[in-house]
Amino acid sequence: MTLADLSSGIDTVWVVLTAAMILLMEGGFALLEAGFVRQKNAVSIIMKVFVDISFGALLFYLVGFAFMHGKDVGGLIGWSGFTLGGDLSHLSLNISHDTFWLFQCAFVIAVISIVSGAVAERIHFRAYIVYTVLMTGLIYPISGHWIWSSEGWLAKLGMIDFAGSAAIHALGGFAALAAALFLGPRLGRFGEDGKTNIVPPSNLPLASVGAFILWFGWFGFNAGSTLSATNPSIGHIAVTTLLASAAGCAACILFTMLRYRKADPPMVINGALAGLVGITAGCAYVSDAAAILIGAVSGITMVFASEWLEGRRVDDPVGAFAVHGVSGSIGTLAVGLFAMPGTAAYSGLLYGGGWRLLGVQALGLVVVAVWGFALTWLAFRLINAWRPVRVSRDEELVGLDVGIHGVPAYSQEHDFLDVEQLRGR
């Protein structure tokens, strides 16, 4: 075994392990969202996560990877690597193409899971499957090519997004906003008199466990993006990731105590996630102090964003837009301010790098946000022309678990159930 073989083997193990950590985050999404929604819709959440993983992986294998990382066509799209075949010689990696695909596939599954929370409790299952196909096979891979392919037009301008504050979280967040607006609020969420009705979470301990799993997986998300086990920045990436998430959580604890006279548990959970989203773009490029500031700002801004949406009668059951769309935007722009000299091609504004990097980051953010919002709105319009995207009133009232999937998440019945009756025969 040569030294090169050993290096490649170590990097392969590192990337596979961190990819597995990211895939474990799907369990976190499932528990977090199931805990935030009402009991009658918990199975629906779990089923959507299974769709994310299964359909997402298959579509990314068939076409998504090629569109995102294939041989570049005009800086806009890749066009090789369908089913991992064809010419991929342009990828300069110390790991196999299979290993690289696995890591990138974990990312695409995370993108669609962001949207699943915003459409909870009212989207039809078949419509969600079709949208998942479009997001994982087309929407995310194309914009991802612009940012992460060496020949992508935003990459050529110098945009920096280490692990995806823009490419994943802002895209997913603005797509989630479009989906929430298209579907409209849940029945009874907002009264005709303008009153806002609180929908209490069904299981906050479950949601908390989901958040902790996401927190754990994020170290694979960020540190794994080095694609190398011997990269000297891994330790710094892990530290900034932890500091930003801790700052987001702590800021939400203190801020909600001041604003609401009590620490608000759902906001605190989302505050930690907001900090994680905010640091994802710059975890390898910013200082520890900047990471703390980014996390704290992301956490507090998330609270304001949640209130702003609620004031405009936009129903986002798990806070997907506030956590991912808003914090992803903050993190993307923060790189343009705080990128330290020597860590990237351009330094941030506060380190004497001028306005160039901040301008490129802002341009990239706007492009990704508009792309995610517009393509999602168009996708829902097309799906709705085929079959209703939203479930019927009766299905929503009885709950999607029974109304769509034919089984409740929690049952106190100890007798056998009539299968024929459940199937509606």
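In terms of modelled atom types and a separation under 3.5 Å, the side chain of Ser143 and the main chain of Tyr140 share a donor-acceptor contact. No donor-acceptor pair under 3.5 Å is formed between the side chain of Glu310 and the backbone N or O of Thr196. No side-chain donor-acceptor contact under 3.5 Å links His324 to the backbone of Gly173. Under a 3.5 Å cut-off, the side chain of Ser165 and the backbone N or O of Val277 do form a donor-acceptor pair. In terms of modelled atom types and a separation under 3.5 Å, the side chain of Glu395 and the main chain of Ser392 share a donor-acceptor contact. Without hydrogens or angle criteria, Trp146 side chain to Leu76 main chain gives a donor-acceptor distance under 3.5 Å. No side-chain donor-acceptor contact under 3.5 Å links Asp52 to the backbone of Ile109. Looking only at distances, no side-chain donor or acceptor of Asn270 sits under 3.5 Å from a matching main-chain atom of Val323. Remark: side-chain polar atoms of Ser233 are not paired, donor with acceptor, to backbone N or O of His236 under 3.5 angstrom. Distance alone, capped at 3.5 Å, is enough to place a donor-acceptor pair between the Thr256 side chain and the Asp264 backbone.
Using a 4.5 Å heavy-atom threshold, the side chains of Ile139 and Tyr131 count as touching. Thr280 has its side chain out of reach of Ile168: every pair of non-hydrogen atoms, C-beta onward, lies at least 4.5 Å apart. Put simply, the side chain of Arg189 does not reach to within 4.5 Å of the side chain of Arg313, judged on heavy atoms. Inter-residue side-chain proximity for His124 and Val389 is flagged as unmet; no heavy-atom pair is nearer than 4.5 Å. Counting heavy atoms from C-beta outward, Phe103 and Ser225 have side chains that approach closer than 4.5 Å. A heavy-atom distance below 4.5 Å is found between the side chains of Leu88 and Ser80. A heavy-atom distance below 4.5 Å is not found between the side chains of Asp315 and Glu121. Here the side chains of Ile404 and Ser44 are not in contact, with every heavy-atom distance at 4.5 Å or above.
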Do Ser228 and Thr226 pass the side-chain hydrogen bond (donor to acceptor under 3.5 Å, both in side chains) test, and can you show the C-alpha distance, the side-chain angles, and the key distance before you say yes or no? CA-CA 5 Å; Ser228 171; Thr226 59; 5.7 Å; no

Should Val335 and Leu357 be marked as a side-chain contact (heavy atoms from CB on, under 4.5 Å) after you check the CA-CA gap, both sets of side-chain angles, and the distance that decides it? CA-CA 8 Å; Val335 175; Leu357 181 57; 4.3 Å; yes

side-chain contact (heavy atoms from CB on, under 4.5 Å) between Arg38 and Val199, worked out: CA-CA 8 Å; Arg38 291 166 290 184; Val199 182; 3.7 Å; yes

Decide yes or no on salt bridge (Lys or Arg N to Asp or Glu O under 4.0 Å) for Glu26 and Lys48, but give the supporting numbers first. CA-CA 10 Å; Glu26 292 307 299; Lys48 289 208 295 292; over 6 Å; no

Evaluate side-chain contact (heavy atoms from CB on, under 4.5 Å) for Phe219 paired with Leu276, printing each intermediate quantity in order. CA-CA 9 Å; Phe219 289 97; Leu276 288 164; 6.0 Å; no

Working for side-chain contact (heavy atoms from CB on, under 4.5 Å), residues Met25 and Ile213: CA-CA 6 Å; Met25 292 171 71; Ile213 293 174; 5.5 Å; no

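When each of Thr376, Asn384, Leu177 is tested with Phe182 by the rule side chain to side chain contact (heavy atoms under 4.5 Å, CB included), just one qualifies, namely Asn384.
Taking CG of Leu58 as the start and OG1 of Thr136 as the end, the distance is 9.0 Å to the nearest 0.5 Å. Here the CZ atom belonging to Phe50 is positioned 13.5 Å from the CD1 atom belonging to Ile129, to the nearest 0.5 angstrom. Within the model, atoms CG of Leu138 and CD1 of Ile77 stand 7.0 Å from one another, a figure rounded to the nearest 0.5 Å. A distance of 9.0 Å separates NZ of Lys156 from OG of Ser149, quoted to the nearest 0.5 Å. Here Ile95 contributes atom CD1 and Leu102 contributes atom CG; the two are 9.0 Å apart, rounded to the nearest 0.5 Å. Of the inter-residue distances, the one linking Ser327 atom OG with Ile279 atom CD1 reads 11.5 Å to the nearest 0.5 angstrom.
Aromatic rings of His169 and Phe221 (six-membered ring for Trp) have centroids within the 6.0 Å cut-off, being under it. If you look at Phe174 and Phe321, their ring centroids are closer than 6.0 Å. Aromatic pair Phe82/Phe67: centroids less than 6.0 angstrom apart.
Between Lys71 and Glu151 there is no salt bridge, since no side-chain nitrogen of the basic residue lies less than 4.0 Å from a carboxylate oxygen of the acidic one.
The shortest non-hydrogen separation linking Met267 to Cys252 is O-SG, 3.6 Å. Considering every non-hydrogen atom in both Ala272 and Trp215, the closest pair reads CB-CZ3, 3.8 Å. Scanning all heavy atoms of the two residues, the minimum distance from Gly35 to Pro201 falls at O-CB, 3.4 Å. Across every non-hydrogen atom of Ile10 and Ala229, the tightest pair is CG2-CB, 3.5 Å. Contact detail for Ala362 and Leu333: the closest heavy-atom pair is CA-CD2, 3.7 Å. Shortest non-hydrogen contact noted between Ala180 and Val314 is CB-CG1, 4.3 Å.
Other residues, nucleotides and ligands contribute more than 12 heavy atoms inside 6.0 Å of the OH atom of Tyr260. The neighbour count for Arg312 CZ, taken as heavy atoms of other residues, nucleotides or ligands under 6.0 Å away, is above 12. With a 6.0 Å radius and a threshold of 12 heavy atoms from other residues, nucleotides or ligands, Phe55 has its CZ atom at or below the threshold.
A donor atom on one side chain and an acceptor atom on the other are not found under 3.5 Å apart for Ser245 and Trp218. Side-chain contact annotation: Asn222 with Thr241, donor-acceptor N/O pair under 3.5 Å present. In this model, a donor atom of one side chain and an acceptor atom of the other lie less than 3.5 Å apart for Ser96 and Thr99. Judged purely by distance below 3.5 Å, without hydrogens or angles, the side chains of Thr230 and Trp14 never pair a donor atom with an acceptor atom.
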